[in-house]
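What follows is a set of notes on a single structure, which appears directly below.
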Amino acid sequence: MPAHYPLHPHIMLLSNLTQFSPMLYLTGFPGLETIEHWIFIFFFLMYLVAISGNCFILIIIKTNPRLHTPMYYLLSFLAFTDLGLSVSTLPTTMGLFWFKSHGIYFGACQIQMFCIHSFSFMESSVLLVMSFDRFVAICYPLRYMVIITGQRVVSVGLIVILQGPVALIPIVLLLKAFPYCGSRVLSHSFCLHQEVIHLACTDTTFNNLYGLSLVVFTVMLDLVLIALSYGVILHTVARLASKEEQLRAFQTCTSHLCAVLVFFVPMMGLSLIHHFGKHAPPAVHLLMANVYLFVPPMLNPIIYSIKTKEIRRVISKLLG
């Protein structure tokens with residue numbers, strides 16, 4: 001009779017990664033099932049504004065040679081990340097509220113959470129690079145054309161943007177190595193890593209610490225650097241001779257500052273709720289998660305269409 005030898009832990013992990021594929025279940029708004037069609041209409045309008053608005057920004061920048069400048073390259077990066085963030089949540093959210101489709105395979109859930117978190121990290125990095133662009137434009141205006149070139153912006157932008165998605169790969173793949181207990185019901189209409197990991201019935205210290213470190217050294221570091229750049233910008237603007245010059249200089253930052261607030265305030269709120277608000281009502285978690293994912297992609301094209309002179313000029317030509 002052949003002897004049975006215990007499998008090596010690495011072989012067991014590989015087996016789990018290749019065979020594991022349970023179903024998870026998404027939820028909408030508990031207690032509001034009777035008006036989910038109206039909720040669908042609300043989300044559909046938000047998606048419509050976000051997707052069409054960001055596509056509009058990308059098309060305007062692509063088709064107007066006058067906008068082929070570093071600042072507008074960065075704006076096209078921002079529009080692309082917002083578009084990706086909207087598309088990442090679209091299938092499950094629309095499927096849930098319109099077709100009552102609650103189930104999602106674990107593999108599909110992994111892909112969705114990777115896309116959501118990747119585009120979130122990418123947007124944070126884009127906002128950081130945009131803040132550096134504004135910093136150089138205001139603090140070193142005579143050297144702006146030398147320091148900020150189109151090729152340099154694209155190269156640095158791609159490096160900074162891709163670091164988040166690359167760093168996400170390990171913790172997303174490791175989710176398949178964990179056993180999952182209970183009902184496997186998620187509290188949103190989309191998958192987030194910090195929620196799926198709570199369903200695991202084993203020690204997830206590595207994923208928790210790795211995820212926290214990733215947030216600290218990407219999003220939080222980006223926010224600190226953005227705050228420092230605006231501190232120097234405000235100091236420089238305050239030293240300008242006239243109030244008109246101060247106002248003109250600061251107006252070049254208003255659209256970016258609005259985008260920073262629209263993105264980081266809901267993200268920080270959602271992170272605090274997940275880590276410290278375990279006893280908060282479910283409605284609070286749902287509200288913060290939906291605001292964090294749906295509001296920035298919807299508002300950013302509106303903000304830049306209103307605040308950016310060149311885009312306003314193109315819009316007026318199209319309408320006129």
Side-chain angles (χ1 to χ4, degrees), residues 46-94 111-134 148-169 172 190 192 218-219 222-223 225-226 255-264 266-267 291-308 310-312 314-315 318:
M46 293 180 72
Y47 278 121
L48 183 64
V49 172
I51 293 174
S52 60
N54 286 294
C55 285
F56 182 66
I57 295 288
L58 289 171
I59 292 169
I60 285 178
I61 294 172
K62 174 68 176 177
T63 56
N64 286 269
R66 291 177 60 187
L67 302 184
H68 294 176
T69 61
M71 186 181 80
Y72 289 100
Y73 289 153
L74 291 173
L75 180 54
S76 65
F77 275 136
L78 182 65
F80 172 75
T81 57
D82 280 333
L83 188 61
L85 198 56
S86 297
V87 173
S88 297
T89 59
L90 177 65
T92 53
T93 301
M94 292 294 96
I111 294 171
Q112 185 180 52
M113 77 172 69
F114 176 78
C115 291
I116 290 173
H117 293 302
S118 292
F119 283 115
S120 296
F121 288 148
M122 287 166 66
E123 182 150 346
S124 173
S125 299
V126 170
L127 291 171
L128 172 61
V129 179
M130 292 177 84
S131 72
F132 180 74
D133 172 77
R134 294 298 85 205
I148 307 294
T149 64
Q151 184 177 1
R152 189 172 293 170
V153 163
V154 172
S155 301
V156 174
L158 287 174
I159 292 171
V160 172
I161 286 168
L162 292 177
Q163 64 181 359
V166 171
L168 270 171
I169 294 173
V172 173
F190 41 81
L192 297 174
T218 53
V219 178
D222 290 348
L223 182 58
L225 294 174
I226 290 171
S255 53
H256 175 257
L257 192 57
C258 289
V260 168
L261 294 173
V262 162
F263 176 76
F264 281 103
M267 174 179 261
V291 168
Y292 152 60
L293 286 178
F294 298 132
V295 172
M298 180 185 69
L299 288 185
N300 282 337
I302 297 173
I303 291 169
Y304 277 93
S305 297
I306 294 172
K307 292 289 185 179
T308 308
E310 293 294 333
I311 293 179
R312 284 205 314 267
V314 172
I315 293 173
L318 291 174

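Bear in mind that the values here come from a model prediction, so they are computed numbers and not experimental data. The figures that follow rest on heavy atoms only: side chains count, while hydrogens, waters and symmetry mates do not.
- The heavy-atom pair separating F77 from V153 by the smallest distance is CE1-O, 4.3 Å.
- The backbone N or O of I61 lies less than 3.5 Å from no partner atom in the side chain of Y73, so there is not a single donor-acceptor pair.
- For the pair T218/S125, no side-chain contact is recorded, criterion being any heavy-atom separation below 4.5 Å from C-beta on.
- You'll find the side chain of L83 stays beyond 4.5 Å of the side chain of F119, heavy atoms only.
- Looking at S120 and Y292, their side chains do bring a donor and an acceptor atom within 3.5 Å of each other.
- In this structure, D133 and V129 have side chains that are not in contact, with every pair of non-hydrogen atoms separated by 4.5 Å or more.
- For the 3.5 Å distance criterion, the side chains of N64 and E310 fail to qualify, holding no donor opposite an acceptor.
- Taking CG from L75 and CD1 from I311, the interatomic distance works out to 5.0 Å, rounded to the nearest 0.5 Å.
- Sparse packing is recorded around CZ of F80, with 12 or fewer heavy atoms of other residues, nucleotides or ligands lying under 6.0 Å away.
- A pairwise comparison of heavy atoms in I57 and A79 identifies CG2-CB, 4.0 Å as the closest pair.
- The shortest distance between side-chain heavy atoms of I169 and F114 falls below 4.5 Å.
- A distance of 7.0 Å separates OG1 of T93 from CD of Q112, quoted to the nearest 0.5 Å.
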Give the C-alpha distance, both sets of side-chain angles, the deciding distance and a yes or no for side chain to side chain contact (heavy atoms under 4.5 Å, CB included) between R134 and M71.
CA-CA 9 Å; R134 294 298 85 205; M71 186 181 80; 3.7 Å; yes
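- For the pair N54 and P301, the tightest heavy-atom approach, listed with the atom from each and the gap, is OD1-CD, 3.8 Å.
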Walk me through whether H256 and Y304 qualify under side chain to side chain contact (heavy atoms under 4.5 Å, CB included).
CA-CA 8 Å; H256 175 257; Y304 277 93; 3.8 Å; yes
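- Put simply, CG on L192 and CG on L293 are 6.0 Å apart, with the number rounded to the nearest 0.5 Å.
- The heavy-atom pair separating S86 from I51 by the smallest distance is CB-CG1, 4.1 Å.
- A donor-acceptor contact shorter than 3.5 Å links the side chain of T81 to the backbone of L78.
- No side-chain heavy atom of P296 sits under 4.5 Å from any side-chain heavy atom of L85.
- Atom CG of D82 sits about 11.0 Å away from atom CE of M298, to the nearest 0.5 Å.
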Could you go through the side chain to side chain contact (heavy atoms under 4.5 Å, CB included) check for I159 and Q163 one step at a time?
CA-CA 6 Å; I159 292 171; Q163 64 181 359; over 6 Å; no
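- Between N300 and F263, the closest side-chain pair of non-hydrogen atoms is not below 4.5 Å.
- Crowding of F132 atom CZ: a count of heavy atoms from other residues, nucleotides or ligands under 6.0 Å not exceeding 12.
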